[in-house]
Number of protein chains: 2
Amino acid sequence: MPSDAPVPSRVRASDELRQAALEQFATVGFAASSLQQIADHAGYSKSSVLYHYASKEALLEAAIGPSIDLLESLLGDFVAGGRSAAAQAVFIERFVDFLLGNRLAVHTFVNQGQSLRGLPVIERANTAIRGLADSICADDASLAEQMRFGVALAGATYTLVAGATFLDGDQQFADDDVRDALISVLSELLLTADGRPTR
Amino acid sequence: MPSDAPVPSRVRASDELRQAALEQFATVGFAASSLQQIADHAGYSKSSVLYHYASKEALLEAAIGPSIDLLESLLGDFVAGGRSAAAQAVFIERFVDFLLGNRLAVHTFVNQGQSLRGLPVIERANTAIRGLADSICADDASLAEQMRFGVALAGATYTLVAGATFLDGDQQFADDDVRDALISVLSELLLTADGRPTR
DNA sequence: GCAGGAGCTGACCGATCGGTCAATTACCGT
DNA sequence: ACGGTAATTGACCGATCGGTCAGCTCCTGC
């Protein structure tokens, strides 16, 4: 028997459908993605989609839920680990890696986190994002500092996530280079290190 | 005659409908906004919407087109004015003012610029955004510098635009303060001034 | 060889979509 | 008082939406 995977062997239909759904949700939006389109894109029928996933909303949960789990654990580690400059540097690195490894899912719940309010999985994502902002930005920070954090996180997220939108054609940058550049810019903006420059 | 406006006096129905549509497009998305919802929100019937605007797409054009015009002229001025540090500082200020004055429209075409590809008005917005990135970022810039520009522009845009998403409840910051803080952060990131620090 | 379950599908459902149209109302200059 | 135009609306259209259901094929354990 050539199969080396214990249970499913071959690619599982539910995985193909989940991936196709994720691509649709990220590129045309949840509301504008029909089950028919997702099914066509994956090579199945609409009924098959609803066989593997109870509803369109359950499909969204399956598509972006795991990425939200990762974000939550990332956030939990950071909160538990203190706010030393070293800890912040580690966090920035892990955060960039998270962005690079979950572009489609992040694109989905960042760009549509407002319009899809009410869906449980989206509420979970919004809560995590808010926790991220709160934890990395001290409560007593000045507006300018809060703005610095906001610009850094939102800018990094959006640059990676929407980069595909405006420069998809000639995007031949290696992920490693993008990673290094992004970590550099974020460190510059976020690291409090040894006292903030007066400016 | 108490009317002081030459032609319409009172609020015009088409303006109310356009504003209601803009709010819907920005908050729940173009695809998820039905003409019925927009009409209800403005206090008219769906037929009235289609009387004042030929189609849903024409309504989008009316809602965000003027803001795109502003962005285009802003970009044109900057391209024509050179890239001196002073010119860049002026541009940053005007750009932040543009963001503050066109939040809903910017939210709409930034967040949905990818999913709504194909609509002429959206193509115009995407072209303007691309031109913005190209013009402010020299062609020979390193990846790290390009990333700095991307993070700054995207971060500023998204911070203002999606601020409502995650901290709408307690958003009592005065626009003037936000403006100053944002200009400060953007200047810090973008101004090439007298030679870039080695870093 | 065959019962039975998993995987998959087409037909169908009520609701809603964007859009058309004819009819009605309100308001204007003459 | 009246004709005409702008504004507004409900009824209606075909298409598509998310979702249900019965039935089909295929594989597997016995």
Side-chain angles (χ1 to χ4, degrees), chain A residues 1-3 5-22 24-25 27-64 108 112 115-116 118-122, chain B residues 1-3 5-22 24-25 27-64 108 112 115-116 118-122:
Chain A
M1 190 181 296
S3 169
V7 177
S9 77
R10 233 78 65 82
V11 286
R12 301 205 309 160
S14 60
D15 292 337
E16 292 185 281
L17 289 169
R18 180 174 42 75
Q19 180 63 23
L22 179 56
Q24 288 285 306
F25 292 158
T27 54
V28 309
F30 179 77
S33 298
S34 71
L35 295 179
Q36 188 68 64
Q37 287 173 18
I38 295 169
D40 292 348
H41 196 270
Y44 292 87
S45 72
K46 188 180 72 168
S47 297
S48 279
V49 179
L50 289 162
Y51 169 78
H52 288 283
Y53 300 94
S55 66
K56 190 183 179 184
E57 183 179 330
L59 186 50
L60 177 68
E61 152 73 39
I64 69 174
T108 301
Q112 305 175 57
S115 59
L116 299 183
L119 306 187
V121 65
I122 293 292
Chain B
M1 189 182 295
S3 168
V7 177
S9 77
R10 232 77 64 80
V11 286
R12 300 206 309 161
S14 61
D15 292 337
E16 292 184 282
L17 289 168
R18 182 174 40 75
Q19 180 62 24
L22 179 56
Q24 287 286 306
F25 292 158
T27 54
V28 309
F30 179 77
S33 298
S34 71
L35 296 179
Q36 188 67 63
Q37 288 173 18
I38 295 169
D40 291 348
H41 195 269
Y44 291 86
S45 72
K46 189 180 71 168
S47 296
S48 279
V49 179
L50 288 162
Y51 169 77
H52 288 283
Y53 300 95
S55 66
K56 190 183 179 184
E57 183 179 330
L59 186 49
L60 177 68
E61 153 74 38
I64 69 173
T108 301
Q112 306 175 57
S115 58
L116 299 183
L119 306 188
V121 64
I122 293 294

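Protein chains get the first letters and strands the later ones, always in sequence-line order, with residue 1 at the start of each. Remember, it's a predicted structure, so these values are computed and weren't measured experimentally.
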Between A:His52 and C:dA6, does any side-chain N or O lie under 4.0 Å from OP1 or OP2? no
Check every strand shown and say whether B:Ser14 touches a base, only sugar-phosphate, or nothing at a heavy-atom separation below 4.0 Å. nothing
Mind checking if A:Ser34 touches a base, just sugar-phosphate, or nothing, with heavy atoms under 4.0 Å? sugar-phosphate
Do A:Gln36 and A:Asp40 pair up side chain to side chain, a donor and an acceptor below 3.5 Å, judged on atom types alone? yes
A:Glu57 and A:Pro120 have their tightest heavy-atom pair at OE2-CD, 3.0 Å
Send over the distance from A:Lys56 NZ to D:dT16 P, rounded to a whole Å. 15 Å
Near DNA chain D, counting only heavy atoms under 4.0 Å, which residues of residues 37-44 of chain A show up? none
Take nucleotides 22-28 of chain D nucleotide by nucleotide from the 5' end and write B, S or -, depending on whether a protein heavy atom sits under 4.0 Å from the base, only from the sugar-phosphate, or from neither. -------
Side-chain N,O (B:Tyr51) to OP1/OP2 (D:dT8) below 4.0 Å: no
Can you check whether B:Ser55 has a side-chain N or O nearer than 4.0 Å to OP1 or OP2 of C:dG18? no
Tested for side-chain contact (heavy atoms from CB on, under 4.5 Å) against A:Ile38, the lone hit among A:Gln24, A:Lys56, A:Gln19 is A:Gln24
Just the table, please: protein N/O against nucleotides 10-12 of chain D N/O, every pair under 3.5 Å.
unit_1	atom_1	unit_2	atom_2	d
D:dG10	N7	B:Ser47	OG	3.2
D:dG10	O6	B:Ser47	OG	2.2

